[in-house]
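Data first, discussion second: the structure below is written as structure tokens.
Lettering follows sequence order; numbering is per chain, from 1.
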Protein chains: 2
Amino acid sequence: MNIGQAAKHTGLPAKTIRYYEEIGLVVVQRDSNGYRAFADTDLHMLTFLARARALGFGIEDCRSLLALYQDGQRSSSDVKAITRHHLDEIQQKILDLKEMQATLSELVNACSGDSRPDCPILKSLGQN
Amino acid sequence: MNIGQAAKHTGLPAKTIRYYEEIGLVVVQRDSNGYRAFADTDLHMLTFLARARALGFGIEDCRSLLALYQDGQRSSSDVKAITRHHLDEIQQKILDLKEMQATLSELVNACSGDSRPDCPILKSLGQN
DNA sequence: GATAGGGGTTCCAGCTACGGGAAGGTCAAG
DNA sequence: CTTGACCTTCCCGTAGCTGGAACCCCTATC
């Protein structure tokens with residue numbers, strides 16, 4: 001299967017698949033003409049990666065998770081540790097964004113948004 | 001005032017201030033020795049930028065906001081439009097992160113996290 | 001056989017918003 | 001005069017791709 005088909009099958013852009021191969025996330029065999037030849041296991045790994053990325057895992061986490069996935073001797077505690085750490089970071093991001101959201105909402109509500117220059121948003125940013 | 005003092009005063013790292021100058025966000029006079037000489041208005045603008053960045057505005061938004069800030073003829077509607085658009089993006093990000101959070105929480109809770117290889121997290125990522 | 005198209009390949013540049021570090025100039029104190 | 005703390009510029013690296021150029025391959029059609 002060529003890269004275009006693999007892309008359709010996994011939902012990943014071809015460029016992304018090439019990138020994953022380049023950084024060693026996956027290893028793909030080549031046909032005699034130099035084209036990548038994706039096997040079912042390759043598609044499976046790529047789908048795994050696509051899901052992990054969709055959950056916000058970074059590339060290095062993905063690398064670790066994929067290694068654990070393929071290791072029959074793994075401990076689920078290792079998987080859980082990575083996931084929990086990632087979850088913590090997401091929760092922190094949510095908190096940060098919510099704080100921004102609260103402030104921005106206030107400011108937007110306070111601003112009349114007409115043709116006059118008077119603006120509480122700028123006043124707040126420039127105060128002091 | 002030198003860059004170190006300006007950094008302390010604004011809370012921005014010196015590197016960041018140099019970067020802002022490089023991309024034309026601020027223009028700073030130089031002393032005869034080549035050192036940047038920060039005036040009060042420069043500090044004021046840098047503080048403005050620091051606040052806008054802390055609210056998550058991108059650099060180009062900051063550029064626009066700063067221009068509006070310095071334009072006595074501005075319409076507050078322009079400021080509000082930028083801010084509302086930014087707010088929308090933040091809210092979307094929060095939604096995305098919350099979805100990840102929900103899934104990840106479920107998975108973490110379902111995983112025993114012991115020394116056995118059986119793991120619902122990997123099962124979910126690799127399913128199909 | 002020539003050609004057109006729709007694949008594929010590599011490599012290089014660029015994106016955001018800086019941070020690290022090297023190589024070197026400047027200044028105040030002792 | 002030297003030391004140490006500043007300052008300067010310049011270049012590389014970050015995460016995770018994306019776009020584009022230049023070129024190769026395969027199939028179909030004229």
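The distance from atom CD1 of Ile3(B) to atom P of dC18(C) is 13 Å, rounded to the nearest whole Å. Atom C1' of nucleotide dT9(C) and atom CZ of Arg36(A) are separated by 7 Å, given to the nearest angstrom. dT16(C) atom C1' lies 13 Å from atom CZ of Arg63(B), rounded to whole Å. Taking atom NZ of Lys93(B) as the reference point, atom P of dT16(C) lies 13 Å away to the nearest angstrom. Here the C1' atom of nucleotide dC18(C) and the CZ atom of Arg53(B) are 9 Å apart, to the nearest Å. Counting to the nearest Å, the P atom of dG8(C) and the CD atom of Gln5(A) are 8 Å from each other. In this structure, the CD atom of Glu22(A) is 18 Å from the P atom of dG8(C), given to the nearest Å. Rounded to an integer number of Å, the gap from Tyr19(A) OH to dA13(C) P is 17 Å.
For the atom pair OG (Ser112(A)) and NZ (Lys80(B)), the distance works out to 7.0 Å, reported to the nearest 0.5 Å. Atom CG of Leu104(B) and atom CG of Asn109(B) lie 11.0 Å apart (nearest 0.5 Å). In this structure, Lys93(B) NZ and Gln91(B) CD are separated by 12.5 Å, a value rounded to the nearest 0.5 Å. If you take NE2 on His44(B) and CD on Gln70(B), they are separated by 9.5 Å, rounding to the nearest 0.5 Å. Within the model, atoms OG1 of Thr16(B) and CG of Leu25(B) stand 11.0 Å from one another, a figure rounded to the nearest 0.5 Å.
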- Message: Please determine whether side-chain contact (heavy atoms from CB on, under 4.5 Å) holds for the pair Arg36(B) and Gln29(B), giving the CA-CA distance in whole Å, both sets of side-chain angles, and the decisive distance to 0.1 Å.
- Response: CA-CA 6 Å; Arg36(B) 289 169 184 83; Gln29(B) 295 301 116; over 6 Å; no
- Can you list the steps and then say if Leu43(A) with Met1(A) is a side-chain contact (heavy atoms from CB on, under 4.5 Å)? CA-CA 10 Å; Leu43(A) 297 178; Met1(A) 182 180 287; 3.7 Å; yes
- Query: Which is it for Asp118(A) and Arg116(A) under the salt bridge (charged side-chain N to carboxylate O under 4.0 Å, His left out) test, yes or no, and what are the steps along the way?
  - Reply: CA-CA 6 Å; Asp118(A) 185 50; Arg116(A) 290 170 300 170; over 6 Å; no
- Message: Pair Ser124(B), Ile121(B) - check side-chain contact (heavy atoms from CB on, under 4.5 Å), show working.
- Response: CA-CA 5 Å; Ser124(B) 168; Ile121(B) 301 174; 6.0 Å; no
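The shortest distance between side-chain heavy atoms of Arg74(A) and Leu122(B) falls below 4.5 Å. A 4.5 Å side-chain heavy-atom check between Ile17(B) and Glu21(B) finds every atom pair outside the cut-off. A 4.5 Å side-chain heavy-atom check between Thr83(B) and Cys111(A) finds every atom pair outside the cut-off. Gln101(A) has its side chain out of reach of Leu97(A): every pair of non-hydrogen atoms, C-beta onward, lies at least 4.5 Å apart.
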Quick test: give all pairs of protein nitrogen or oxygen and nucleotides 23-27 of chain C nitrogen or oxygen below 3.5 Å, distance rounded to 0.1 Å.
{"residue": "dG25(C)", "atom": "N2", "partner": "Tyr35(B)", "partner atom": "OH", "Å": "2.9"}
{"residue": "dT26(C)", "atom": "O4'", "partner": "Tyr35(B)", "partner atom": "OH", "Å": "3.3"}
{"residue": "dC27(C)", "atom": "OP1", "partner": "Asn33(B)", "partner atom": "ND2", "Å": "3.3"}

For nucleotides 20-22 of chain C, list the nitrogen or oxygen atoms of the protein found under 3.5 Å from its nitrogen or oxygen atoms, one pair per line.
{"residue": "dG20(C)", "atom": "N7", "partner": "Lys15(B)", "partner atom": "NZ", "Å": "3.0"}
{"residue": "dG20(C)", "atom": "O6", "partner": "Lys15(B)", "partner atom": "NZ", "Å": "2.7"}
{"residue": "dG21(C)", "atom": "O6", "partner": "Lys15(B)", "partner atom": "NZ", "Å": "2.3"}

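Nucleic acid contact for Tyr20(A): sugar-phosphate only, since backbone atoms but no base atoms lie under 4.0 Å from a heavy atom of the residue. Within 4.0 Å of Arg18(B), counting heavy atoms only, lies at least one base atom of the nucleic acid.
For the helix from dG1(C)-dC30(D) to dG30(C)-dC1(D), the rotation axes defined at the first and last 5 base pairs enclose an angle of 40°, given to the nearest 10°.
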Review item, side-chain donor-acceptor pairs of residues 50-65 of chain A, under 3.5 Å, at least two apart:
{"residue": "Arg51(A)", "atom": "NH1", "partner": "Leu125(B)", "partner atom": "O", "Å": "2.8"}
{"residue": "Arg51(A)", "atom": "NH1", "partner": "Gln127(B)", "partner atom": "O", "Å": "3.0"}
{"residue": "Arg51(A)", "atom": "NH2", "partner": "Gln127(B)", "partner atom": "O", "Å": "3.3"}
{"residue": "Arg53(A)", "atom": "NH1", "partner": "Phe57(A)", "partner atom": "O", "Å": "2.5"}
{"residue": "Glu60(A)", "atom": "OE1", "partner": "Arg63(A)", "partner atom": "NE", "Å": "2.9"}
{"residue": "Glu60(A)", "atom": "OE2", "partner": "Arg63(A)", "partner atom": "NH2", "Å": "3.3"}
{"residue": "Arg63(A)", "atom": "NH1", "partner": "Ile23(A)", "partner atom": "O", "Å": "3.1"}
{"residue": "Arg63(A)", "atom": "NH2", "partner": "Ile23(A)", "partner atom": "O", "Å": "3.1"}
{"residue": "Ser64(A)", "atom": "OG", "partner": "Glu60(A)", "partner atom": "O", "Å": "3.1"}

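Counted within 6.0 Å of NE2 on His85(A), heavy atoms from surrounding residues, nucleotides or ligands total 12 or fewer; the atom is thus considered open. The local environment of CD in Glu106(A) is sparse, with at most 12 non-hydrogen atoms from other residues, nucleotides or ligands closer than 6.0 Å.
Between Pro13(A) and Gly4(B), the residue anchored nearer the 5' end of DNA chain D, judged by the nucleotide with its closest heavy atom, is Gly4(B). If you find the closest nucleotide of DNA chain C to Glu21(A) and to Thr16(B), the one lying nearer the 5' end belongs to Glu21(A).
Bracketed by its first and final contacts, the part of DNA chain D lying under 4.0 Å from non-hydrogen atoms of chain A reaches from dG16(D) to dC26(D) in 5' to 3' order.
Residues of residues 78-87 of chain A that place a heavy atom closer than 4.0 Å to DNA chain C do not occur.
Placement of Val28(A) and Tyr35(A) in two distinct hydrophobic clusters is found when ILVMFWY residues are connected by side-chain heavy-atom separations under 4.5 Å, directly or transitively.
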